[in-house]
Amino acid sequence: MEPAYQIWLAQANAWTTDMQLMKAMTEHAIGGLAALLPADCDAARMKRDICGIKLFNVPSSSMSPTVQENEMIAAQVLDYNPVRQGDIIVHKARFQGGDETIALTRIIGLPGETVKMRNGHVFINGKEMIAAAAGQVIKEEFISGEVYTETTPEGRSYSTLLSPETPPGVVSDFGPVTLPEDSYFMLGDNRDSSVDSRYPRDLNGDGLVRKESILGVTLSVLVSKDPDRVGKQL
């Protein structure tokens with residue numbers, strides 16, 4: 001991984017001439033990923049199939065604040081466990097009827113579950129997913145809002161980003177809809193700037209992601225312009 005890391009930095013426009021900083025980022029990237037690799041990931045398997053890991057560049061800010069635009073992340077694309085509610089997955093998608101592309105979104109609803117949203121709050125089978133203010137406000141040129149900690153009924157937590165007032169055109173009330181077999185309801189963490197299952201005509205024609213479209217589950221941040229984010233587990 002170390003020989004390739006400088007190339008990855010360049011690909012993510014995060015190249016630095018500070019060799020000490022580059023070494024630290026490399027160590028953090030390796031450390032963050034190593035803890036999540038399969039148990040059988042030895043040198044032989046690393047050479048054979050990179051232990052089922054594939055790298056992806058993040059094309060947008062739809063998953064902020066969890067994953068930033070232009071970061072490079074690692075995903076387990078082979079031998080990953082069955083996906084769970086709250087997982088960030090890499091999947092095939094068609095937006096606005098366009099060509100198939102690769103997307104990064106969080107699983108909110110599982111097959112057979114009933115999902116609805118009321119005033120931005122998510123309900124799974126009638127049970128609300130609690131969203132608590134994290135006490136952090138992001139104000140950047142293209143990204144702004146208050147960070148919330150959303151918790152699934154099973155107790156998994158992650159960060160979302162919400163504007164103080166819902167922008168025009170953003171869907172905050174949806175459903176209820178009961179998910180068909182092998183179909184998943186998706187939401188971006190940047191709730192006011194994400195094309196996801198709330199917009200059926202804009203995502204796959206029905207807003208859902210099929211099991212066969214899932215490529216893998218994200219593991220960690222490998223490359224970022226923010227050195228402190230390198231190695232962050234997802």
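Everything numeric in this text was worked out from a predicted model, so none of it was measured.
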Problem set entry | Interatomic spacing from CD1 in I50 to CG in L37 - rounded to 0.5 Å | 11.0 Å
Exercise. Would you say R198's side chain and V195's backbone share a donor-acceptor pair under 3.5 angstrom?
Worked result: no
Exercise. Are V83 and L219 joined in one hydrophobic group, where the rule is that I, L, V, M, F, W and Y side chains link up if heavy atoms are under 4.5 Å apart?
Worked result: no
Exercise. Are the side chain of R118 and the backbone of F174 linked by a donor-acceptor contact shorter than 3.5 Å?
Worked result: yes
Tell me which donor-acceptor pairs under 3.5 Å the side chains of residues 124-134 have, and how far apart each pair is, sequence neighbours excluded?
| unit_1 | atom_1 | unit_2 | atom_2 | d |
| --- | --- | --- | --- | --- |
| N125 | OD1 | T114 | N | 2.8 |
| E128 | OE2 | H121 | ND1 | 3.0 |

Problem set entry | From H28 atom NE2 to K23 atom NZ, the distance as rounded to the nearest 0.5 Å | 11.5 Å
Cut-off 3.5 Å, no hydrogens considered: what does the side-chain donor-acceptor table look like for residues 72-81, sequence neighbours left out?
| unit_1 | atom_1 | unit_2 | atom_2 | d |
| --- | --- | --- | --- | --- |
| Q76 | NE2 | C51 | O | 3.1 |
| Q76 | NE2 | G52 | O | 3.4 |
| Q76 | NE2 | L78 | O | 2.5 |
| D79 | OD2 | R45 | NH1 | 3.4 |
| D79 | OD2 | R45 | NH2 | 2.6 |

For this session: Kindly check if the number of other-residue, nucleotide or ligand heavy atoms within 6.0 Å of CD (E212) is above 12?
Result: yes
Problem set entry | Atom CZ of R201 with >12 non-hydrogen neighbours under 6.0 angstrom | no
For this session: Please answer: with hydrophobic residues joined when any side-chain heavy atoms are less than 4.5 Å apart, are M25 and L36 in the same cluster?
Result: yes
Exercise. Do V90 and V58 share a hydrophobic cluster, counting only Ile, Leu, Val, Met, Phe, Trp and Tyr and linking them when any side-chain heavy atoms are less than 4.5 Å apart?
Worked result: yes
Exercise. Should V223 and L234 be regarded as members of a common hydrophobic cluster, given that ILVMFWY residues are connected when their side-chain heavy atoms come within less than 4.5 Å of each other, either directly or indirectly?
Worked result: no
Exercise. Side chains of F56 and I102: closer than 4.5 Å at any heavy-atom pair?
Worked result: yes
Return all side-chain donor-acceptor pairs below 3.5 angstrom for residues 158-166, not counting sequence neighbours, or 'none' if the list is empty.
| unit_1 | atom_1 | unit_2 | atom_2 | d |
| --- | --- | --- | --- | --- |
| Y158 | OH | E150 | OE1 | 2.6 |
| S163 | OG | D192 | OD2 | 2.8 |

Problem set entry | Expected output: side-chain N190 to main-chain S61 donor-acceptor under 3.5 Å | yes
Exercise. For the residue pair P153 and Q85, what are the closest heavy atoms and their distance?
Worked result: CD-OE1, 3.4 Å
Exercise. Under 6.0 Å from the CD atom of Q20, do we count more than 12 heavy atoms belonging to anything else shown?
Worked result: no
Exercise. What is the minimum heavy-atom distance between N70 and N57, and which atoms define it?
Worked result: O-ND2, 4.4 Å
Seminar exercise, completed: Hits for ring pair (Phe, Tyr, Trp, His ring centres under 6.0 Å) against Y148, two or more places apart or cross-chain, chain-then-number order -> none
Seminar exercise, completed: Scanning both residues in full, the closest heavy-atom pair of F95 with A103 reads CZ-CB, 3.8 Å
For this session: Identify the two heavy atoms, one from S224 and one from E71, that lie closest to each other, and give their separation to 0.1 Å.
Result: OG-OE2, 2.7 Å
Problem set entry | T66 side, atom OG1; R229 side, atom CZ - distance, nearest 0.5 Å | 7.5 Å
Exercise. Knowing that exactly one of S213, P200, P180 qualifies, which makes a side chain to side chain contact (heavy atoms under 4.5 Å, CB included) with L208?
Worked result: P180
Exercise. Side chains of I89 and M186: closer than 4.5 Å at any heavy-atom pair?
Worked result: yes
Problem set entry | Pairing residues for R156 by the side-chain hydrogen bond (donor to acceptor under 3.5 Å, both in side chains) criterion, not counting sequence neighbours | D87
Problem set entry | Pairs flagged by side chain to side chain donor-acceptor pair (under 3.5 Å) wherever residues 88-104 is involved - sequence neighbours left out | H91-T105
Seminar exercise, completed: Output for pair (S64 OG, F142 CZ), nearest 0.5 Å, gives 12.5 Å
Exercise. Counting N and O atoms only, with roles assigned by atom type, does the side chain of R106 sit under 3.5 Å from a partner on the main chain of L187, one being a donor and the other an acceptor?
Worked result: no
Exercise. So how far is it from E69 CD to M63 CE, rounded to the nearest 0.5 Å?
Worked result: 13.5 Å
For this session: Determine whether I138 and V147 make a side-chain contact, defined as any pair of heavy atoms from C-beta on separated by less than 4.5 Å.
Result: yes
For this session: Look at the side-chain heavy atoms of Ile, Leu, Val, Met, Phe, Trp and Tyr, link any pair under 4.5 Å apart, and say whether V221 and L104 land in one connected group.
Result: yes
Exercise. Quick one: are K116 and V177 in side-chain contact, heavy atoms under 4.5 Å?
Worked result: no
Problem set entry | Nearest-0.5 Å distance that lies between atom CD in E154 and atom CG in L110 | 7.5 Å
Problem set entry | Heavy-atom donor-acceptor pair, T218 side chain to I88 backbone, under 3.5 Å | yes
For this session: Answer yes or no: is there a side-chain heavy-atom contact under 4.5 Å between M117 and S172?
Result: no
Exercise. Between I108 and S197, is any pair of side-chain heavy atoms under 4.5 Å apart?
Worked result: no
For this session: Kindly give the heavy-atom pair with the smallest separation between P111 and Y184, and that separation in Å.
Result: CD-CE2, 3.4 Å
